[in-house]
Structures are given as structure tokens and as C-alpha cells.
Amino acid sequence: MNSAVNVEEIFGQNVFTLAKMRERLPKKVYTEVVNVIQNGGELSKGSADVVANAMKSWAMENGATHYTHWFQPLTGITAEKHDSFVGSADEDGRMLTSFSGKELIKGEPDASSFPSGGLRATFEARGYTTWDITSPAFLKESGAGVTLCIPTAFCSYTGEALDKKTPLLRSMEAVNKQALRIIRLFGNTTATRVNVSVGPEQEYFLVDWDKSMKREDLIFTGRTLFGAMPPKGQEMEDHYFGVIRERVGEFMKDLNTELWKLGVPDKTQHNEVAPGQHELAPIYETANIAVDHNQIIMETMKRVAEHHHMRCLLHEKPFAGVNGSGKHDNWSLCTDDGMNLLDPGDTPNKNVQFLFILSCILKAVDTHADLLRQSAADVGNDHRLGANEAPPAIISVFLGEQLEDVVRQLIETGVAKSSKRGGKLKTGVSTLPQFEKDATDRNRTSPFAFTGNKFEFRMVGSSDSMASSNTTLNTIVAEAFCEAADILEKAEDFDIAVHDLMKEYLTDHQRIIFNGDGYSEDWVKEAERRGLPNIKSTIEAADVLTTKKAVKLFESYGVYTKTELESRKEIIFENYAKTINIEALTMIDMASKQIIPAVMKYAGRLARDVNEVREAGADESALLSELKEITSELTRMKKALEELKVNETKARKITDERKLAYFYKDKVRPSMDALRDPADKLEMLVDKKDWPFPTYADLLFEG
Ligand code: ADP
Ligand code: MG
């Protein structure tokens with residue numbers, strides 16, 4: 001049953017890699033492609049035709065019948081419209097395939113079917129997709145056959161970004177430009193680019209397909225809207241890193257194979273904290289490729305799970321009371337001459353360039369904590385952030401003992417004389433080797449943690465695109481670099497200027513550093529004292545997108561225009577209201593058509609039993625009290641159901657998007673909770689055989 005997989009052989013098999021281009025393109029065209037990838041610019045029309053033709057031949061040799069411009073509209077998932085390679089017939093009636101350079105480079109999907117947040121009304125309905133030459137084309141194998149996917153950016157007729165990729169690419173340019181200024185000042189003359197490296201860790205749940213199909217909530221919303229906790233949760237902590245079950249193992253093997261074929265450097269897999277929960281991490285790559293690959297990972301997970309008769313749940317909180325899923329965004333800056341700007345070396349106190357860059361990042365995160373928080377906001381993530389399992393909704397930075405000590409020395413005395421060492425790890429077992437410990441332990445509760453040679457932004461939700469978080473991160477850091485470079489480039493004495501600026505940044509922004517327990521109540525109070533923002537929900541976060549500060553930031557670095565920010569905000573409100581509306585309607589449906597009828601039937605039977613027992617002359621009180629408890633919960637449930645219906649009707653009358661989103665948050669969501677509570681209690685009272693759909697225990701332990 002276990003066929004062997006040769007990773008080396010299959011890796012990148014379905015990708016139109018540079019190596020394949022080198023083989024298939026005339027040298028001149030190949031050199032032009034490489035030049036555009038490295039330095040930007042456009043392919044000449046002639047070369048584009050040659051590339052398109054080579055790409056088509058390769059795709060067709062591998063069974064492709066269609067091509068698509070693959071893009072990331074503001075729905076957060078990817079979109080594709082397939083066109084076949086079928087062209088016109090020749091005189092003998094033979095079909096001539098066609099795929100021109102123009103078709104490769106530019107597409108025109110109907111923009112009006114994608115969310116644009118008002119951009120559509122203000123501008124033309126037309127939208128264009130344009131090839132992102134830095135992210136390679138690939139072949140997708142699915143039920144639809146083999147399709148050549150061309151990663152593209154999606155813009156309106158007037159150039160407004162209608163997708164998540166365009167701003168990301170703009171932000172990568174911005175941080176590249178400003179970071180180069182900084183490293184030049186520190187004497188680097190060889191690097192020509194500073195790339196953003198991103199390594200996303202993806203968490204997900206797997207549940208049995210048939211069982212999931214018996215639950216409307218999983219089908220329509222991707223999460224459970226009802227469900228009592230099973231007797232065993234995750235308290236034994238026996239799932240994390242536990243042995244992978246056979247069925248899941250088979251899924252992972254197929255998933256890896258599919259991903260490797262697509263050139264996704266998928267590396268680590270393990271069970272996560274919650275039962276049924278797992279994680280996959282690829283090796284880090286350049287930001288836009290990592291973001292594309294993360295989309296491919298999510299799509300492939302869903303597809304492969306289906307083949308294994310399972311459903312992959314990417315929702316941030318599929319089960320109440322059980323750990324949710326996130327996506328750690330590991331982020332660093334690397335020069336094209338091989339230097340990681342976030343690598344402190346063994347003696348960070350002596351590494352002035354590193355310390356300076358660190359100070360700039362701390363300044364950036366403190367200045368724009370609200371925007372960073374916003375970048376990880378989505379409806380599903382509202383269930384996680386601040387709920388004592390994921391990072392709190394308050395942004396702070398964890399530096400670890402070693403760096404915190406260096407920073408403290410710098411603030412107090414202006415110089416850092418020493419760096420704490422890790423020391424030897426003593427296991428107490430003589431046969432185990434002693435090894436040097438990391439100088440810093442991990443802190444799992446921090447939303448933004450320094451982890452050795454990168455920052456790990458842990459707020460992002462599992463179903464979200466990685467584009468927004470990285471766009472914001474790149475831009476805020478670009479601004480900090482730019483402001484610093486403006487000063488340093490004019491300084492008479494560079495060393496003194498660096499020293500003064502670093503001390504100033506660290507002193508002014510030290511409030512953002514927090515190495516303690518991010519889950520504790522004390523931290524919430526302490527953060528408030530420090531004046532750090534605590535933005536609790538997605539829709540509150542949306543408002544920070546259009547503050548003066550945000551508009552100035554994003555416009556200065558050419559990442560978003562004011563209009564683009566406003567449109568994105570609009571889409572967040574729209575999306576929020578739509579999502580909660582679907583959830584509420586699903587609850588109404590499940591409650592009225594499944595739960596309440598099942599409970600009534602059970603209660604009726606119990607009532608008859610009560611009478612029979614009484615007639616038999618025995619003590620019926622136990623049955624009667626059970627019955628009373630059930631009917632009292634049922635009454636509560638009926639009442640809550642009516643209230644939810646009333647709120648749903650009221651919502652329909654609200655036309656303002658923002659007001660509507662707030663109504664869903666403040667009125668509809670609480671009435672959903674009120675409906676769920678008696679339903680979950682009833683689940684514990686009613687005979688399991690009579691419960692109308694699979695329970696948490698069925699889904700999480702017997703899947
Ligand atoms: P964890 O212990 O949190 O699971 P790992 O060390 O396994 O973290 O790495 C998690 C992710 O971080 C991986 O995707 C890895 O490739 C990525 N990563 C490692 N180094 C860097 C770096 N310098 N920049 C960006 N991402 C990185
Ligand atoms: Mg991690």
C-alpha cells in the first residue's frame with residue numbers, strides 16, 4: 001500500500017521553473033526573463049510570445065488542456081477562470097492550439113464579480129490580471145484535469161489594486177529600497193536587493209467527510225455552531241507531537257507529494273495541541289512566493305483531504321472550547337549577497353547594524369501596533385485573539401532574555417558591554433551529549449516574538465491570506481528605515497549618530513517590549529497603562545485603516561492609496577456582515593429543523609415513560625426531574641431562537657455597511673450565543689441516539 005516517493009525526482013515537477021526555461025528558451029530570451037525577475041521591468045512583446053509558446057508546449061506535454069490567470073481577489077481565497085488552449089482550426093480542420101504572449105501577460109476577468117469595496121462604482125468595472133513573473137507558473141491537477149496556472153496581480157482599469165498581491169509586491173519594493181539605504185550606510189556595497197523572507201506555519205483540522213456532511217454548520221460555515229465538549233478534551237496534552245494516526249499519515253503523504261510536485265518546499269508535519277489538529281510548515285521563501293505557496297497549500301489540503309474521505313477545516317475556530325488554528329508568519333530580511341539582517345550573531349552587543357535594525361523594527365511595531373493588529377484580523381480570528389490560547393489582541397514584542405538585557409544596557413548606559421550566553425544544557429544523564437542552549441527560551445504567548453534570526457508574527461488566522469500581514473509589516477519597517485536613513489545620511493559623525501538614534505528609538509519605544517505571560521489579566525491592565533492599543537474585533541480594527549497616520553504611511557511608500565484603503569475597509573464590513581448572517585441563518589435552520597424536533601420527540605417519549613413508571617407504582621421522580629430540566633432548556637432555546645430571528649429581520653433594514661457590521665457584532669452574535677447555550681446543555685441531556693448530527697466526540701476522536 002505504501003508506494004515509495006522520490007522527493008528529488010518529483011520536486012517541482014509541475015512547475016515551469018527557471019531550469020525548465022533555460023532548457024526550452026533561446027538564451028537571449030532566457031536572459032531577458034532572468035533580468036526582469038531580478039531587476040523588474042517588462043518583457044518585450046517578442047520574448048513574451050516565445051515564453052508563452054514554450055510554456056504552452058511544456059504544459060500540454062504534461063496533459064494540460066486549459067490555462068488560467070490565478071489571482072488573489074479580496075475574498076481572501078484564490079480565483080481562476082479557465083480558458084482552453086483550443087484555437088481556430090486550419091484548412092484541413094485540424095485544431096491549432098493558441099496561447100500568445102499577450103494572453104500570458106494580461107487577462108481581463110470580469111471585475112464586477114469580485115469585491116471591490118466601492119472601487120467599482122467610482123471607477124470602471126474593468127479589471128486586469130497581469131503576470132507576476134517572479135512567481136513561477138505551475139500545473140494544477142484536479143477533477144477539472146490539468147490546468148496551467150499563471151500567478152497574476154489583479155488591478156482595476158485605473159490601476160487600483162483589487163487583490164492582495166499587488167500591495168504586497170509594492171511593500172516589498174518599499175522595504176527593499178529603504179533597507180538598502182540602511183545597509184549602504186553600514187558599509188555594504190555589494191548587495192543589490194533586500195528580500196523579504198517568509199515562512200508560514202499552517203494549522204488545520206481533519207474530520208471524517210461523511211460525518212462532516214451530516215452537519216450543516218460545517219458545510220456552510222466551516223465551523224461548528226453547536227456542540228458540547230466531549231468528556232476528554234486536550235487537557236491530557238497527548239495529541240501534540242503525538243504519533244500520527246494511519247489515516248492522517250496517508251493523507252499527509254499524499255499532501256506532501258502533491259505539494260512537492262508544485263515546488264512547495266514543505267518540510268515539517270506534526271500533530272497539534274487539539275485532537276484532530278495538525279500543522280504543516282514549508283521552508284521559508286521570498287514573501288510573494290511564500291504567500292502564493294501558502295494559498296496552494298490550503299487549496300491542496302482541502303483537495304487531498306477529500307480524496308481521503310476527510311474534510312480539512314481551515315477555520316480559525318472550528319470547535320468551541322478546543323484550541324483554534326493560526327498561521328505563524330515567520331519574517332526576516334535577507335540581502336541578495338546572503339546576509340540575514342536579523343541575525344544577531346553570537347555577540348549581539350557588538351553587532352551594531354543588527355541592533356540598529358532591531359531598534360527600527362521596535363519603533364515600527366510600536367508606532368503602528370494598531371495596523372499590525374488589523375493586518376491579522378478576520379471574522380474567524382475574532383474567536384481566537386485574546387481568548388487565552390492564541391496571542392492576545394494586544395501587540396507587544398518578545399525579545400528574549402539575551403536581547404532584552406542588551407537593550408536594557410543600551411537604554412541605561414548607551415553601550416552594551418556584554419551578551420548573556422546560553423550555557424550548557426544539563427540533562428543529568430551522562431550518556432546524552434551536553435549541548436549549548438539557545439540564549440533565549442521560547443515564549444508562546446507573544447504575538448510578535450524574536451526567534452533567533454527572524455520575527456514570528458503569531459496573530460494571523462489559519463484561513464487568512466498571508467498577504468496583508470506581510471504588506472503591513474514590510475511597510476511599517478520601510479518607514480522606520482526611511483526616517484532613520486534620512487537622519488543618518490546627513491550625519492557628520494555616523495557612529496555617534498547611530499548611537500544616539502538607537503538610544504532614542506529604544507527609549508521611546510521600550511513600552512512595546514514584553515517578555516511575560518501574554519495570556520494573563522495583569523498584562524491587559526499593564527498594557528493599558530503603557531498606552532498600547534487593545535483592539536478586540538475585526539470591525540473595530542477595520543477603522544484603523546483610514547486614520548491620518550495610516551493613509552500617510554501607505555501613501556508615502558506607494559503601497560495603498562487612500563481610495564484603496566477605504567475600499568478595503570468597506571469590504572471588511574461587508575464580509576463581516578455576510579459571514580455572521582450565514583452563520584445565524586444556519587443556526588436558525590439547525591435549531592428549528594433538527595435540534596428542537598429531536599428534543600421534542602425525546603421529551604415526549606420521556607413523558608410517556610414518566611406516566612408508565614407512575615402507573616406501575618414506582619418512583620417516577622428521577623425521570624420527572626430529567627424531563628423538567630429538558631423542557632426548561634427547550635423553552636429557553638425557543639425563546640433564544642425567536643430573538644435571533646427578530647435580530648436577523650432587523651438587520652435586513654440596515655443599509656449602511658458599517659452600521660450593519662456593528663449590528664451583527666453587537667446584537668446578532670450575542671443572540672447566537674444565547675441560542676447555542678441551551679442547545680449544548682440539551683445535547684448532554686438527550687439520548688445520544690436521538691441527537692440529530694455527529695457530536696464533538698464523534699468528529700474529534702472517531703474521525
Ligand atoms: P517553530 O519552532 O516555531 O515551529 P521553525 O524553526 O521550525 O519554528 O520554523 C518555522 C518557520 O520559520 C519555517 O517555515 C522556517 O522555514 C521559517 N524560517 C526559518 N528561518 C527563517 C528566516 N530567517 N526568515 C523567515 N522564516 C524563517
Ligand atoms: Mg512557530
Side-chain angles (χ1 to χ4, degrees), residues 11 168 171-172 175-176 179 183 191 193-204 239-242 244 252 255-256 259-260 262-274 277-298 301 323 325-345 348 351 353-354 357-358 361 389-391 397-400 403 422 437-460 462 466-467 469-474 477 518:
F11 193 84
L168 173 68
S171 74
M172 288 164 66
V175 77
N176 165 47
I183 59 171
R193 246 202 106 72
V194 176
N195 286 313
V196 181
S197 297
V198 168
E201 298 164 66
Q202 176 73 48
E203 291 180 335
Y204 62 99
H239 191 257
Y240 191 56
F241 283 11
I244 296 169
M252 286 179 172
L255 176 64
N256 291 334
L259 290 175
W260 289 330
L262 289 163
V264 178
D266 136 30
K267 173 91 177 156
T268 313
Q269 62 197 27
H270 59 79
N271 285 350
E272 258 304 324
V273 184
Q277 192 185 30
H278 312 278
E279 180 184 295
L280 178 147
I283 296 174
Y284 65 93
E285 299 175 280
T286 303
N288 61 321
I289 299 176
V291 170
D292 283 358
H293 279 171
N294 182 249
Q295 292 287 354
I296 294 180
I297 289 174
M298 292 194 285
M301 279 177 167
N323 248 47
S325 301
K327 179 146 49 194
H328 292 174
D329 178 357
N330 293 276
W331 178 94
S332 70
L333 295 169
C334 303
T335 63
D336 61 350
D337 63 354
M339 187 183 196
N340 177 355
L341 300 184
L342 293 185
D343 190 350
N351 189 342
Q353 180 184 299
F354 164 77
I357 284 173
L358 182 76
I361 296 176
E389 48 152 300
V397 180
F398 171 79
L399 287 182
L403 278 185
K437 281 196 294 191
D438 285 325
T440 292
D441 194 7
R442 285 174 175 265
N443 174 321
R444 299 229 160 246
T445 65
S446 175
F448 199 80
F450 185 73
T451 45
N453 60 3
K454 58 181 159 74
F455 273 102
E456 189 170 337
F457 182 35
R458 297 173 174 149
M459 270 189 176
V460 186
S462 50
M466 299 279 292
S469 54
N470 286 295
T471 302
T472 301
L473 201 43
N474 296 341
V477 171

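Numbering of ligands and ligand atoms starts at 1, following listing order. Atoms considered below: every heavy atom in the structure, side chains included; atoms not considered: hydrogens, waters and symmetry mates.
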**Message:** With respect to Val198, determine whether any N or O atom, backbone or side chain, lies less than 3.5 Å from an N or O atom of ligand 1.
**Reply:** no
**Item:** Heavy-atom gap Asn340 to ligand 1 smaller than 4.0 Å
**Value:** yes
**Prompt:** Which ligand 1 atoms are under 4.0 Å away from a heavy-atom of Pro282?
**Reply:** 13 (C), 14 (O), 16 (O)
**Item:** With sequence neighbours excluded, residues passing side-chain hydrogen bond (donor to acceptor under 3.5 Å, both in side chains) with Asn470
**Value:** Asp329
**Complete:** If we number the atoms of ligand 1 from 1 as shown, the ones under 4.0 Å from a heavy atom of Ile283 are 16 (O)
**Message:** Let's go through His293 and Glu285 carefully: what are the C-alpha distance in whole Å and the side-chain angles of both, what is the deciding distance for side-chain hydrogen bond (donor to acceptor under 3.5 Å, both in side chains) to 0.1 Å, and is it a yes or a no?
**Reply:** CA-CA 9 Å; His293 279 171; Glu285 299 175 280; 2.7 Å; yes
**Message:** So if I count the atoms of ligand 1 from 1 in the order they appear, which ones are less than 4.0 Å from some heavy atom of Gly199?
**Reply:** 14 (O), 26 (N)
**Request:** With Arg193 as reference, evaluate Asp336, Thr286, Asp337 under the side chain to side chain contact (heavy atoms under 4.5 Å, CB included) test and give the passing residue.
**Result:** Asp336
**Item:** Backbone or side-chain N or O of Asn330 under 3.5 Å from ligand 1 N or O
**Value:** yes
**Asked** Would you say ligand 1 has an N or O under 3.5 Å from any N or O of Glu201?
**Response** yes
**Request:** Report the residues that fulfil ring pair (Phe, Tyr, Trp, His ring centres under 6.0 Å) with Tyr284, sequence neighbours left out, ordered by chain and then residue number.
**Result:** none
**Message:** With heavy-atom distances below 4.0 Å as the criterion, list the atoms of ligand 1 near Asn453.
**Reply:** 23 (N)
**Prompt:** Are any side-chain N or O atoms of Lys267 and backbone N or O atoms of Pro282, one a donor and one an acceptor, separated by less than 3.5 Å?
**Reply:** no
**Glu279-ligand 1 polar pair, N/O distance under 3.5 Å** = no
**Request:** Please report the closest heavy-atom contact between Val194 and Asn176, naming both atoms and the distance.
**Result:** N-OD1, 2.8 Å
**Item:** Validation row, ring centre Phe450 to ring centre Phe398 under 6.0 Å
**Value:** no
**Prompt:** Would you say the side-chain atoms of Gln202 and Ser462 include a donor-acceptor pair closer than 3.5 Å?
**Reply:** no
**Prompt:** Where the closest heavy atom to atom 5 (P) of ligand 1 is concerned, which of Lys267, Glu285, Lys454 has it?
**Reply:** Lys454
**Asked** What part of Glu456, side chain from CB on, backbone N/CA/C/O, both or neither, has a heavy atom under 4.0 Å from ligand 1?
**Response** side chain
